[in-house]
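Heads up: the structure comes next, in structure tokens.
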Amino acid sequence: MKALVVGSGGREHTIAWRLAQSSKIDEVICVPGNGGTDFETKCRNIDPKDLPAAKELSLIDAAVKIAKDEKVDFAVIGPEDPLADGISDALWHADIPTVGPKAKGAALEASKDLSKIFMKNHGVACAASETFTDKESALAYVRKMGAPIVVKADGLAAGKGVVVAQTLEEAENAVNDLMEGAVGDAGKKLVIEEYLRGIEISVLAAVSVTEETAKSGKACIKAFLPARDHKRLMDGAKGPNTGGMGAICPPQDVTKETMDAFEKTILQPTLDGMIKEKMDYRGFIFFGLMLTKDGPKALEYNVRLGDPETQAVLPMMDFDFVELCQSIMDGTLSDFNMKWKSGFQVAPVAVSGGYPAKYAKGKEITFDQKKIDSTGAKVFIAGAIKDRRQDSEGLLTSGGRVLACSAHGDTFDEAWNKAYEALKGVDFQGMFYRKDIGLPGAAESN
């Protein structure tokens, strides 16, 4: 079989690697892929920019063309933007089975307002909120409610559209900045939420909801092991927010009782809502949760796998990822048995100096492969490209989040030590990483 993966980050490298591990897969086409997939076994990158008449092709048109030309058997979509733009609709229309919701389902992430309406309509446990399109009304609301309070841009903003304001001044500044164009059109509408006290976790899940599975009672969402991302740049959950400085799976403080409550008050109502609203949702979903004294509450939906959670969760799978994808697409997910490895996975992220603000690119990455191999860790590339200079077979940095070292252990301490030992085998100018991923006091909490 041949698969296509759309995207260029660490999540997509992990997806491609996991697909390529299956004996069912002969080749994974990565569009456009990155420096990691450039060197990954069974993987081949195709950049849409290299296609004939590339300037006339959108990413969606290019993906459909590549899928047809390469005669792929199915596609997996990594990022949220193409999903919101309807890439899955286009691929299914072209008879390319696809893992990724169609545009109607993808709107659960593309619009915070629509997402909150969905949660409220279907009884999903979540934070109370109000939506605003007028700046003065939004400012009046935050002054009435006081701080702390959460201000969210309605649209997709590449992780820059959420402000957890600890003071009234921060909340007012967030309203002004977002509605005055800090994240473009995404901030023209704001969702302002109550501040929930607790600690965050992430739950990724597989979804198979269609008209046929709804009628047969086979529509389902199956949760993966819980994970925890660490968003703040500095140790101790300090500094600015980032796209993610590392992840662990599973968090040691998440109990069976917590997961049971999540399934009852969040997962099942979400499934019921998808069925009632007749979504064609065959893909993955990410539940961002706050564990409060009153139980888990949904903070947000993402309509794809999380990054960097994927780098910690997918290595824990003790089943064929291709078979999971097939069950999602053909409506047999409810019968699929997901088995998980025991133990823990720890995946700290190395970033470019200066990130998440201005940072340099084009820095050569060196790897002590013997040291990395001795830990059993897997390096997943996020922001790096193949060095095209003559006689070079290395990688150059191309993004803020450069890579993650993901390691497994029978105990958390073993996994943590292996991951950080592997990081010592990586070096590039300006390299920075947190030294406390998964440790007490490292997680974001309110």
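Annotation: side chain of Val124 is in contact with side chain of Tyr301 (closest heavy-atom distance under 4.5 Å). Ile365 has its side chain out of reach of Leu396: every pair of non-hydrogen atoms, C-beta onward, lies at least 4.5 Å apart. Using a 4.5 Å heavy-atom cutoff, the side chains of Leu324 and Met338 are in contact. Side chains of Lys297 and Leu289 form no contact here, defined as non-hydrogen atoms less than 4.5 Å apart. Residues Leu291 and Thr258 are in side-chain contact: their nearest non-hydrogen atoms beyond the backbone lie under 4.5 Å apart. Two residues are said to be in side-chain contact when any heavy atoms from C-beta on lie closer than 4.5 Å; Pro226 and Met259 meet this criterion. Put simply, the side chain of Arg232 does not reach to within 4.5 Å of the side chain of Pro240, judged on heavy atoms. Using a 4.5 Å heavy-atom threshold, the side chains of Arg282 and Val99 count as separate.
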Working for salt bridge (Lys or Arg N to Asp or Glu O under 4.0 Å), residues Lys256 and Asp260: CA-CA 6 Å; Lys256 181 181 183 300; Asp260 288 345; 2.9 Å; yes

CA sep, side-chain torsions, deciding dist, call: Glu109, Arg304, salt bridge (Lys or Arg N to Asp or Glu O under 4.0 Å): CA-CA 9 Å; Glu109 180 174 0; Arg304 31 73 186 184; 2.7 Å; yes

Could you go step by step and tell me if Asp154 and Lys152 meet the salt bridge (Lys or Arg N to Asp or Glu O under 4.0 Å) rule? CA-CA 6 Å; Asp154 172 62; Lys152 296 182 175 181; over 6 Å; no

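In this structure, CG in Leu91 is found 4.0 Å from OG1 in Thr98, a value given to the nearest 0.5 Å. Note that CG of Leu83 and OG of Ser88 are 5.0 Å apart. Values are rounded to the nearest 0.5 Å. In this structure, Gln311 CD and Ile248 CD1 are separated by 14.5 Å, a value rounded to the nearest 0.5 Å. Taken from NZ in Lys378 to OG1 in Thr14, the straight-line distance is 9.0 Å, to the nearest 0.5 Å.
Pairing each heavy atom of Leu267 with each of Ala223, the nearest pair is CD1-CB, 4.0 Å. Nearest approach of Gly10 to Phe380, heavy atoms of both residues: O-CB, 4.5 Å. Between Ala312 and Ser406 the shortest heavy-atom distance is CA-OG, 4.3 Å. For the residue pair Ala103 and Ala84, the shortest heavy atom distance occurs at CB-O, 4.0 Å. Heavy atoms only, all atoms of each residue included: Ala237 and Ala442 are closest at CB-O, 3.6 Å. Listed here is the closest heavy atom pair of Ala63 and Leu4: O-CD1, 4.2 Å.
Between Lys135 and Glu180 there is a salt bridge, with a side-chain nitrogen of the basic residue lying less than 4.0 Å from a carboxylate oxygen of the acidic one. By the 4.0 Å N-to-carboxylate-O rule, Arg143 lies close enough to Glu172 to be salt-bridged with it. Classification of Lys104 and Asp89 as a salt-bridged pair fails, no side-chain N sitting under 4.0 Å from a carboxylate O. A salt bridge links Lys424 with Glu421; the closest basic N to acidic carboxylate O contact falls under 4.0 Å. A salt bridge does not link Asp47 with Lys49: none of the charged nitrogens is closer than 4.0 Å to a carboxylate oxygen.
With no hydrogens or angles considered, no side-chain donor-acceptor pair links Tyr281 and Ser208 at under 3.5 Å. Asp330 and Thr332 share a side-chain donor-acceptor pair at under 3.5 Å. No side-chain donor-acceptor contact under 3.5 Å links Asp280 and Thr210. A donor and an acceptor atom, one from each side chain of Asn45 and Thr37, are located under 3.5 Å apart. Residues Thr131 and Asp113 have side chains that bring a donor and an acceptor to within less than 3.5 angstrom of each other. Looking at His122 and Glu277, their side chains do bring a donor and an acceptor atom within 3.5 Å of each other. For the residue pair Glu300 / Ser115, no side-chain donor-acceptor distance below 3.5 Å is found, with atom types taken as modelled.
Ring pair Phe262/Phe287: centre-to-centre distance below 6.0 Å. Between Phe319 and Trp340, the ring centre distance stays below 6.0 Å.
Using a distance-only test at 3.5 Å, with no hydrogens or angles considered, a donor-acceptor pair links the side chain of Glu309 to the main chain of Asp307. Between the side chain of Ser129 and the backbone N or O of Glu193 there is no donor-acceptor pair closer than 3.5 Å. Judged purely by atom type and a 3.5 angstrom limit, Trp416 uses its side chain to pair as donor or acceptor with the backbone of Ile437.
In this structure, Lys435 satisfies the cation-pi test against Tyr433, with its NZ or CZ atom closer than 6.0 Å to the six-membered ring centre and inside 45 degrees of the ring normal.
The neighbour count for Glu169 CD, taken as heavy atoms of other residues, nucleotides or ligands under 6.0 Å away, does not exceed 12. A 6.0 Å sphere centred on CD of Gln429 holds no more than 12 heavy atoms belonging to other residues, nucleotides or ligands. Around the NZ atom of Lys264, the shell of radius 6.0 Å holds no more than 12 heavy atoms that belong to other residues, nucleotides or ligands. Within a 6.0 Å radius of CG in Asp185, other residues, nucleotides and ligands contribute 12 heavy atoms or fewer.
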Scan the side chains in residues 215-222 for donor-acceptor partners under 3.5 Å anywhere in the protein, sequence neighbours excluded, and list what turns up.
unit_1: Lys215; atom_1: NZ; unit_2: Glu211; atom_2: OE2; d: 3.3
unit_1: Ser216; atom_1: OG; unit_2: Glu212; atom_2: O; d: 3.2
unit_1: Ser216; atom_1: OG; unit_2: Thr213; atom_2: O; d: 3.2
unit_1: Ser216; atom_1: OG; unit_2: Lys218; atom_2: N; d: 3.4
unit_1: Lys218; atom_1: NZ; unit_2: Asp335; atom_2: OD1; d: 3.2
unit_1: Lys218; atom_1: NZ; unit_2: Asp335; atom_2: OD2; d: 3.2
unit_1: Lys222; atom_1: NZ; unit_2: Leu333; atom_2: O; d: 3.4
unit_1: Lys222; atom_1: NZ; unit_2: Ser334; atom_2: O; d: 3.4
unit_1: Lys222; atom_1: NZ; unit_2: Phe336; atom_2: O; d: 2.4

Would you be so kind as to tabulate the donor-acceptor pairs closer than 3.5 Å made by side chains of residues 349-363, with sequence neighbours excluded?
unit_1: Ser352; atom_1: OG; unit_2: Gly399; atom_2: O; d: 2.8
unit_1: Tyr355; atom_1: OH; unit_2: Gly243; atom_2: N; d: 2.8
unit_1: Tyr359; atom_1: OH; unit_2: Gly400; atom_2: N; d: 3.1

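Partner of Leu403 under the side-chain contact (heavy atoms from CB on, under 4.5 Å) criterion, out of Thr397, Leu423, Asn34: Leu423 alone.
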